[in-house]
Colleague: 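Supplied in structure tokens, the structure appears directly below.
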Amino acid sequence: MIIIMFDNSKGGLLLDLHTDIAIIGAGPQALTLTTHLLQKGRRRSHEFAVIDPSGVWMQRWHQQFAAQDIPYLRSPIVHHPDPNSQALRVFAESRHRELFPPYDRPGRQLFTDFCGAVIKAWNLQNRVVAENVVRIEPLRQGRYRFRLWFAEGSSLQARRVALAVGDGAPNIPDWVERLPKTSPADRLCHASEVDLQQATLQGDGFAPRVRILIIGGGLTSGHLAIGAIRRGAKVRLMARRRFQEKLFDADPGWVGPKYLKGFNAEPDWQRRWQMIQDARNGGSFTPDMMLQLRRAQRDKSLDLVEQCQIDRVRWLNHCWQVHCTDGDVFECDRIWYATGRGLDAVQHPLLQEVQALYPAEW
Ligand SMILES: Cc1cc2nc3c(=O)[nH]c(=O)nc-3n(C[C@H](O)[C@H](O)[C@H](O)COP(=O)(O)OP(=O)(O)OC[C@H]3O[C@@H](n4cnc5c(N)ncnc54)[C@H](O)[C@@H]3O)c2cc1C
């Protein structure tokens, strides 16, 4: 039997170099996979290793939710990392006030505590190896098919590897890429770089309110707008299409057999990809977020601008001058683009060697 020994106090040093399954990343997806593997392991045992530079579970998730001041999840109570779909409902029995209608969406603290309880219940507290995987080397022979290389230079061999590395690189609008290097980078950033807890958004004698332009029509842009307004800013929220109001980005039928049956029966990967794109159909605001935004609009803290695209921006006289394709020109102090992130398997650095040895159709 192969024994893996973890020692987090030494930066997650692996004392043995083999495992059955290596999971890269320790976010909610990795935690979900791990608990499901452990549950199945009651019948058939799997050795596994979870690797994340943070050395702990869900660090990025906690950071993102705090940075964007998100009070509760968009997903309903049955979506969580425990294999028992009712586990969060049972856990929340004495915390009903932290469940939000409709579908009992869990509050951030409740979900955090629940995940902590799941980690403890499955005895996973010290199971995250604090390493950054920088290379996956496919091995041509032997029992172990992959070698994972860590930034420190050590490595781990695995029979199977699961990538649970999150959403990939930010989508950067072309007008951002065209900006000269001299533009102030701290005044323009992707939503994932905004930390509302740290941001200073109070104005001064010259400009009583900081003016922020937020680009995007998804829930993240809404959270940032409301969070910034709460901290004293004046916000213009702009999207290239009409704002959509939906409880979930995709129809709830996708959670069950209604649509998944047809999806699973589709053998063509390209058509599957198209089905996913059609189902997602861009970002949207939940009805309660839309209500908050309309209220802020009435209070004159927020301008909602639909079907408008930026042509170019330039830094002029200590603020951004924004030119839209419809000819509109205005000024603002900061720009946050909530344009999402995309994982491109073809470009992903960890998959380059795997693709070279096992070419797949894309
Ligand atoms: C603002 C916001 C709100 C959201 N709200 C909800 C919601 O209400 N409900 C819901 O279900 N989902 C929601 N989501 C989506 C959900 O948070 C993400 O889908 C979820 O965090 C993804 O989990 P993950 O495990 O795939 O990735 P992550 O949480 O991003 O974790 C990935 C981990 O991989 C690690 N990693 C990356 N590269 C390497 C490497 N080379 N080596 C080792 N480790 C690596 C990272 O350090 C990170 O810890 C929201 C997302 C955002 C941004």
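Atoms within a ligand are numbered from 1 in the order they appear, just like the ligands themselves. Throughout, residue positions are numbered sequentially from 1 according to the sequence presented.
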Colleague: Please state whether S54 comes within less than 4.0 angstrom of ligand 1, counting heavy atoms only.
Modeller: no
Colleague: With heavy-atom distances below 4.5 Å as the criterion, would you say the side chains of V161 and R145 are in contact?
Modeller: no
Colleague: Consider every N or O of V133 and every N or O of ligand 1, then say whether any pair is closer than 3.5 Å.
Modeller: yes
Colleague: Quick check on atom 30 (O) of ligand 1 - does any protein heavy atom sit closer than 4.0 Å to it?
Modeller: yes
Colleague: Please indicate whether any nitrogen or oxygen in D52 is less than 3.5 Å from any nitrogen or oxygen in ligand 1.
Modeller: yes
Colleague: Salt bridge or not for D20 and R160, using N-O below 4.0 Å?
Modeller: yes
Colleague: When you group the ILVMFWY residues by side-chain heavy-atom contacts below 4.5 Å and let the links chain together, are L33 and F114 in the same group?
Modeller: yes
Colleague: Tell me whether atom 3 (C) of ligand 1 lies less than 4.0 Å from at least one protein heavy-atom position.
Modeller: yes
Colleague: What protein heavy atom sits nearest atom 39 (C) of ligand 1, and how far away is it?
Modeller: V165 CG1, 3.8 Å
Colleague: Within ligand 1, which atoms have a heavy atom of G27 less than 4.0 Å away?
Modeller: 25 (O), 29 (O), 31 (O)
Colleague: Looking at G25, which atoms of ligand 1 are within less than 4.0 Å of one of its heavy atoms?
Modeller: 33 (C), 34 (O), 35 (C), 44 (N)
Colleague: Quick one: which ligand 1 atoms are inside 4.0 Å of a heavy atom on E131?
Modeller: 43 (C)
Colleague: Counting each atom of ligand 1 from 1 as listed, which ones have a heavy atom of W61 under 4.0 Å away?
Modeller: 17 (O), 21 (O)
Colleague: At less than 4.0 angstrom from any non-hydrogen atom of I51, what atoms of ligand 1 do you find?
Modeller: 43 (C), 44 (N)
Colleague: Is there a protein heavy atom less than 4.0 Å away from atom 23 (O) of ligand 1?
Modeller: yes
Colleague: Just to confirm my output: which protein heavy-atom neighbour is closest to atom 27 (O) of ligand 1, and how far is it?
Modeller: G166 CA, 3.3 Å
Colleague: Treating Ile, Leu, Val, Met, Phe, Trp and Tyr as nodes and any side-chain heavy-atom pair under 4.5 angstrom as an edge, say whether V210 and L196 lie in one connected cluster.
Modeller: yes
Colleague: Please report which non-hydrogen protein atom sits nearest to atom 8 (O) of ligand 1, along with the residue it belongs to and the distance in Å to one decimal place.
Modeller: R74 N, 2.5 Å
Colleague: Answer yes or no: does atom NE2 of H318 have more than 12 heavy-atom neighbours from other residues, nucleotides or ligands under 6.0 Å?
Modeller: no
Colleague: Does the side chain of R74 pick up a donor-acceptor pair with the side chain of T286 at under 3.5 Å?
Modeller: no
Colleague: Distance under 4.0 Å to a non-hydrogen atom of Q68: what atoms of ligand 1 satisfy this?
Modeller: 1 (C)
Colleague: Are any of the side-chain nitrogens in R334 or D186 under 4.0 Å away from the carboxylate oxygens of its partner?
Modeller: no
Colleague: Checking the N or O distance criterion of under 3.5 Å, is ligand 1 in contact with T220?
Modeller: no
Colleague: Applying a strict 4.0 Å limit to heavy atoms, is R105 in contact with ligand 1?
Modeller: no
Colleague: What's the shortest distance from atom 6 (C) of ligand 1 to any protein heavy atom, and which residue and atom give it?
Modeller: F65 CZ, 3.8 Å
Colleague: Could a heavy atom of Y72 be found less than 4.0 Å from some atom of ligand 1?
Modeller: no
Colleague: For Y103, is the OH atom crowded, meaning more than 12 foreign heavy atoms sit under 6.0 Å from it?
Modeller: no
Colleague: Does atom CZ (R240) have a neighbourhood of more than 12 heavy atoms from anything else shown, all under 6.0 Å?
Modeller: no
Colleague: Are side-chain N/O atoms of W320 and E331 paired as donor and acceptor at under 3.5 Å?
Modeller: no
Colleague: Please tell me if atom 37 (C) of ligand 1 is touched by the protein, where touching means a protein heavy-atom distance below 4.0 Å.
Modeller: yes
Colleague: Just jot down the ligand 1 atoms closer than 4.0 angstrom to any heavy atom of I70, in number order.
Modeller: 1 (C), 2 (C), 3 (C)
Colleague: Does CZ belonging to R135 count more than 12 external heavy atoms closer than 6.0 Å?
Modeller: yes
Colleague: Going by heavy-atom distance to atom 53 (C) of ligand 1, choose the closest among Q64, H79, H62.
Modeller: Q64
Colleague: Heavy atom under 4.0 Å from ligand 1: found in P28's side chain, backbone, both, or neither?
Modeller: both
Colleague: Do the side chains of R95 and D113 get close enough for a salt bridge, i.e. N-O under 4.0 angstrom?
Modeller: yes
Colleague: State the atoms of ligand 1, each with its element, that fall below the 4.0 Å cut-off from a heavy-atom position in I24.
Modeller: 40 (C), 42 (N), 43 (C), 44 (N)
Colleague: Are any of the N/O atoms on N132, whether in the backbone or the side chain, positioned under 3.5 angstrom from an N/O atom of ligand 1?
Modeller: yes
Colleague: Could you list the donor-acceptor pairs under 3.5 angstrom formed between side-chain atoms of residues 62-73 and any protein atom two or more places apart in sequence or on another chain?
Modeller:
unit_1	atom_1	unit_2	atom_2	d
D69	OD2	R231	NH1	3.0
D69	OD2	R231	NH2	3.0
Y72	OH	D288	OD2	2.1

Colleague: Would you check the N or O atoms of Q29, main chain and side chain alike, for any that come under 3.5 Å of an N or O of ligand 1?
Modeller: yes
Colleague: Counting only heavy atoms not in R97, do more than 12 sit closer than 6.0 Å to its CZ atom?
Modeller: no
Colleague: Any salt bridge between E306 and R242, counting N to O under 4.0 Å?
Modeller: yes
Colleague: Step by step, work out the side chain to side chain contact (heavy atoms under 4.5 Å, CB included) result for T35 and Q39.
Modeller: CA-CA 6 Å; T35 59; Q39 196 192 39; over 6 Å; no
Colleague: Could you identify the single nearest non-hydrogen protein atom to atom 12 (N) of ligand 1 and state the distance to 0.1 Å?
Modeller: S75 OG, 4.8 Å
Colleague: Which residue and atom name correspond to the protein heavy atom nearest atom 44 (N) of ligand 1, and how close is it?
Modeller: P53 CD, 3.2 Å
